[in-house]
Amino acid sequence: MKKNIKFILITLLLVAILSVALVGCAKKPNLTGGMPEATTYNNNSLVVTQGDYVYFVNGKISVDDIATKKDNKYGNVVKSAIYRARKDGSDVQVLVPQVAMDSNNSNGITVIGKYVYFTSPSTATGKDGSLLKTNTDFYRVEITGKNLKKLTTLEGNTNQYKFTEQGLIYLESSNLIHLSYKGKKTTIAEGVSNSYFPVTTTVKPGEADPTMAVYYTESPEENDGDPYNIIKCVTASGETKEILSGKEGAFNYSIKSVESEGDNATIYYEKTEYDNGQNTNLGLFGFKVNKEFTKSADEKQFANSGATVRYINYGEGLYVFADNEMYIPVIENGIAKKGDIVYSLRKSDSSSVAATDILTIRQEGDKKVMYFFDSNSLLKVEFKEKDGIKDSILDIAKELIEANIVTDYVKPILDGDKFYYINSAYYNYMYVVDFSSEDVKHTLFGTRTDADKTAYIQYVKGLDEDNRADHDKLIKEDLPATDFE
């Protein structure tokens, strides 16, 4: 009898220990569904769509918010973790309960096929016990949330990098590295001073365009005394390809951008010519390459050197920004001049729209429109014509969102009629608004932490009658009305 009691007590103790252990271990997500064969849109943002699903970063925190290891411990994180939902905002599920961010605020998450790629502040500690949170961990995980794998860790949190279908490409101490997802690390080039990491926003698995590569220039050690360089790229598989050599004309290239154009891409670069001891910058040029990284359209000049531009496409050219105006230049004898179409960008007597303020320029039906930011608000304006010359296009700008858009982080996303943004007024969570709806309301897209949920409820309860009416008119509640009584 005593043996049986002893056995029962030991069993109960083991159960208790196991229960504590299970509480301490987070349950790993194991999502069903997903559409890995579907085309992915808006890669390298906070909101990426693939088929019927949206993969998104659930709000914004800063590196300063991570004080201890537990603040970025897998399983502990809600805010700034990766979630998945249906496009209508339903079926919200955590995919990676870990912080997805670095301090390079142009970078977000990437979805290619059955994998999600992201970065996260390191939770390693130094010899003195300090948290090395300004270093960056690189991860890959299946769209089910399973098989999370750390690929590498880099010093700092402003690294240049690109996730591709087959490997991670990054700069480390000016060395260009290709890291295969199978683990092979290859140094592609050393001492790289000019490189460009394109964003492949749209990906159909197995059919990526030439932006699924990283471009750089290389100066040969022996160049017959004439200064020239070569534009090269490293592909997703780690293969290097020569794109353009300046040897014949003694040209030196500086890559400015690589823009997707369907199955092709246009490489833009400034070209400097060396002649009789003189270097002359000839301007901004470009040409198209296809999926095999060979030329598919000849070189042509687009603008003068040093111009502030926004790229349209190889055929139409680009917009140049200067003196509160935006125009498509006309090239005459190697010099870019204003064409007949000039747009005024003046918002007021004292300010104008900068190239960096513009979210997108796109066609909507028979109208071309521009969406742009004015501080933390969003405006929309149509391109209008008068006697063959464009009017001052911002005189009739319509304010779509008055305030509270976080614009100094990863850029917001306009996906069709849906605008996704971090809302600074409501604890820096992801919100969505559908501009096609007559009753435009802003909706939380994701989930709050318990602490932020409590704070939000108290905030709403504390509003006076007028401010509460404004809040209710603007925000679609995701919590029971009884919580606010």
Side-chain angles (χ1 to χ4, degrees), residues 45-47 54 56-68 70-73 75-86 88-94 97-101 103 105 108 121 359 373-379 399-414 418-435 437-485:
S45 76
L46 298 182
V47 181
V54 179
F56 64 99
V57 179
N58 187 47
K60 173 197 172 187
I61 67 168
S62 69
V63 175
D64 292 338
D65 293 322
I66 302 173
T68 65
K70 70 177 184 179
D71 294 328
N72 193 19
K73 182 180 178 181
N76 285 0
V77 179
V78 173
K79 194 171 187 177
S80 198
I82 301 177
Y83 278 69
R84 189 191 76 179
R86 295 280 183 174
D88 62 3
S90 65
D91 195 22
V92 177
Q93 300 181 71
V94 62
Q98 188 173 352
V99 172
M101 62 162 285
S103 289
N105 60 21
L359 173 65
F373 299 111
D374 183 7
S375 186
N376 302 110
S377 61
L378 178 68
L379 294 89
E399 189 172 64
L400 301 178
I401 299 177
E402 183 179 355
N404 305 325
I405 302 172
V406 174
T407 57
D408 60 352
Y409 194 51
V410 183
K411 281 289 182 74
I413 284 293
L414 181 62
K418 290 184 177 180
F419 179 66
Y420 298 89
Y421 70 102
I422 299 294
N423 192 325
S424 62
Y426 301 106
Y427 308 95
N428 286 322
Y429 282 97
M430 182 69 68
Y431 273 70
V432 61
V433 58
D434 188 344
F435 292 134
S437 173
E438 292 183 5
D439 182 24
V440 176
K441 283 200 172 186
H442 300 243
T443 307
L444 176 75
F445 199 84
T447 186
R448 301 178 178 90
T449 63
D450 290 340
D452 284 340
K453 184 185 297 183
T454 300
Y456 175 60
I457 292 169
Q458 293 305 313
Y459 166 79
V460 175
K461 284 182 177 181
L463 294 174
D464 60 32
E465 186 175 343
D466 290 341
N467 286 325
R468 178 63 189 270
D470 290 341
H471 170 273
D472 293 347
K473 183 180 179 180
L474 183 68
I475 302 297
K476 182 178 179 181
E477 291 297 355
D478 59 293
L479 296 171
T482 52
D483 288 345
F484 300 98
E485 295 176 355

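Note that the numbering runs from 1 along the sequence shown for the chain.
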Quiz item: Given side chains that start at C-beta, do those of Y83 and M430 come closer than 4.5 Å, heavy atoms only?
Solution: no
Quiz prompt | Of I401, N404, V432, the residue whose pairing with H442 passes side-chain contact (heavy atoms from CB on, under 4.5 Å) | solution = I401
Quiz prompt | ring-ring contact (aromatic ring centres under 6.0 Å, His included) partners of F484, counting only residues at least two apart | solution = Y456
Quiz item: More than 12 heavy atoms of other residues, nucleotides or ligands under 6.0 Å from NZ of K70: is that the case?
Solution: no
Quiz item: Under the salt bridge (Lys or Arg N to Asp or Glu O under 4.0 Å) rule, what pairs show up with a residue in residues 475-485, not counting sequence neighbours?
Solution: R448-D478
Quiz item: Could you go step by step and tell me if S80 and N58 meet the side chain to side chain contact (heavy atoms under 4.5 Å, CB included) rule?
Solution: CA-CA 5 Å; S80 198; N58 187 47; over 6 Å; no
Quiz item: Donor-acceptor pair, D472 side chain versus A469 backbone, under 3.5 Å?
Solution: no
Exercise. Kindly check if the number of other-residue, nucleotide or ligand heavy atoms within 6.0 Å of NZ (K441) is above 12?
Key: yes
Quiz prompt | Least distance between heavy atoms, P121 atom then I66 atom | solution = CG-CD1, 3.6 Å
Quiz prompt | Donor-acceptor under 3.5 Å (T454 side chain, D450 main chain) | solution = yes
Quiz item: Are L414 and L359 side-chain neighbours, meaning at least one heavy-atom pair lies under 4.5 Å?
Solution: yes
Exercise. Enter the distance from I61:CD1 to N428:CG here, rounded to the nearest 0.5 Å.
Key: 10.5 Å
Practice problem: Heavy atoms only: give me the nearest P97-A81 pair and the separation to one decimal. | Solution: CA-CB, 4.0 Å
Exercise. Test F445 against every option in Y421, Y431, F56, F419 by the ring pair (Phe, Tyr, Trp, His ring centres under 6.0 Å) rule and name the one that passes.
Key: F56
Quiz item: Sub-3.5 Å donor-acceptor pair from the side chain of K60 to the main-chain atoms of V410, do we have one?
Solution: no
Quiz item: Is there a donor in the side chain of S62 and an acceptor in the side chain of D64, or the other way round, less than 3.5 Å apart?
Solution: no
Self-check item: Least distance between heavy atoms, D71 atom then V77 atom
Solution: O-CG2, 3.6 Å
Practice problem: Taking only Lys NZ, Arg NE, NH1 and NH2, and the carboxylate oxygens of Asp or Glu, determine whether D464 and R468 approach each other closer than 4.0 Å. | Solution: no
